[in-house]
Asker: 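Mind having a look at this structure? Questions to follow.
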Amino acid sequence: MMLIDIPDGWPRDEAGARAVQDGLRGRVIAGEPGPPVGTGRVTGVDVAYDDERDLVAAAAVTLDAATLDVVARATAVGRVAFPYVPGLLAFRELPAVLAALEDLGTPPGLVVCDGYGLAHPRRFGLASHLGVLTGLRTIGVAKNPFVFRHDDPGPQRGATAPLTDGDGEEVGRALRTRTDVKPVYVSVGHRTGLDAACAHTLHLTPRYRVPETTRLADRLCRDALAAAVRSL
DNA sequence: GCGACAG
DNA sequence: ATCTTGTCGC
């Protein structure tokens, strides 16, 4: 099996990683409306780990946004490129994700990431990082609030509450995707706006809390990791 | 200095 | 993320 390489110049310590974030964050474009919900394509990306064997597997799954049918999928397996450090998740996940996206062989459309975009201590979470590196439209949909706070959005599907930073600025939104279920945490990655990011997220959650894109990518990268371990 | 902290 | 049994509910 072919293991992907860690990119040249990839940071090897926390200081180097933060310097990369500070150098790239100015390139984020927020506020573009982007294509209407339910048109074009949406791609989910996710990553699974086997730290014991130093392996990482990423998956990218592209859906027709109107039908949510799978139209393309790809995986990539490599060595873990960075330890997990809160605020530096992108350096752990992106090398494998980039390889999986390239292997799709077809334009991804809006990329839905498992994590944050602008809702990040330095306004440069993994969704924004991926967007800047690829030029793709990206959003972040996280399952936990990370360092941010929010009021109760209310129990109904579609209800929202601002995710705010220390200065009261809205960096993302807690979005209830299923009635009476814990919300997800949506933020802009690149070349999109927060309203559009939430609208797309709702469209991708007709049945479960987490977007279909993320669920499919999660299953696929777990399978890819298991297959990689099996072939050792 | 200590605790919290996406995946 | 990942380690893990049973259990409650649709």
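For the numbers below, each heavy atom of this structure counts, side chains included, while hydrogens, waters and symmetry mates do not. Only a predicted model underlies this, so the values are computations on that prediction, with no experimental measurement involved.
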Asker: Base, sugar-phosphate or nothing for A:Tyr116? Non-hydrogen atoms, less than 4.0 Å.
Answerer: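 Result for A:Tyr116 = base.
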Asker: Would you say A:Leu94 ends up clustered with A:Val85 if hydrophobic residues are merged whenever their side chains have heavy atoms under 4.5 Å apart, either directly or through other cluster members?
Answerer: yes
Asker: For A:Arg222 and C:dA1, is the shortest distance between a side-chain N/O and OP1 or OP2 below 4.0 Å?
Answerer: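 Yes, within the criterion.
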Asker: What I'd like to find out is whether the side chain of A:Val141 reaches to under 4.5 Å of the side chain of A:Arg209, using heavy atoms alone.
Answerer: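 No, too far: nothing below the 4.5 Å cut-off.
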Asker: Give a yes/no answer on whether the side chain of A:Lys143 brings an N or O atom under 4.0 Å of OP1 or OP2 in B:dG7.
Answerer: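 Checking B:dG7 against A:Lys143, a side-chain N or O does come within under 4.0 Å of OP1 or OP2.
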Asker: Which residue, A:Asp103, A:Val61, A:Leu220, forms the side chain to side chain contact (heavy atoms under 4.5 Å, CB included) with A:Thr75?
Answerer: A:Leu220
Asker: Return the CZ to OH distance between A:Phe146 and A:Tyr185, rounded to the nearest 0.5 Å.
Answerer: 13.5 Å
Asker: Give the dot-bracket line for DNA chain B from 5' end to 3' end: parentheses for intra-strand Watson-Crick or G-U pairs under 3.5 Å, square brackets for crossings, | for inter-strand pairing, dots for unpaired.
Answerer: .......
Asker: Using a cut-off of 4.0 Å on non-hydrogen atoms, how would the nucleic acid contact of A:Ala48 be classed: base, sugar-phosphate, or nothing?
Answerer: sugar-phosphate
Asker: For a quick check of understanding: with a heavy-atom distance under 4.0 Å over all strands, which category does A:Asp50 fall into, base, sugar-phosphate or nothing?
Answerer: nothing
Asker: Less than 4.0 Å between a side-chain N and a carboxylate O, is that true for A:Asp152 and A:Arg176?
Answerer: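 Yes, charged N to carboxylate O under 4.0 Å.
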Asker: Taking any heavy-atom pair under 4.0 Å as a contact, classify A:Gly87: base, sugar-phosphate, or nothing.
Answerer: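 The residue A:Gly87 makes base contact.
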Asker: Rounded to the nearest Å, what distance is computed from the CG atom of residue A:Asp54 to the P atom of nucleotide C:dT2?
Answerer: 15 Å
Asker: Is A:Arg18 salt-bridged to A:Asp22, cutoff N-O under 4.0 Å?
Answerer: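 Judged by the 4.0 Å cut-off on N to carboxylate O distance, A:Arg18 and A:Asp22 do not form a salt bridge.
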Asker: Using a 4.0 Å heavy-atom cut-off across all strands, classify A:Leu94 as base, sugar-phosphate, or nothing.
Answerer: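 If one applies the 4.0 Å heavy-atom cut-off, A:Leu94 turns out to touch nothing in the nucleic acid.
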Asker: Using atom CG of A:Asp51 as one end and atom P of C:dA1 as the other, report the distance to the nearest whole Å.
Answerer: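 Rounded to whole Å, this separation is 12 Å.
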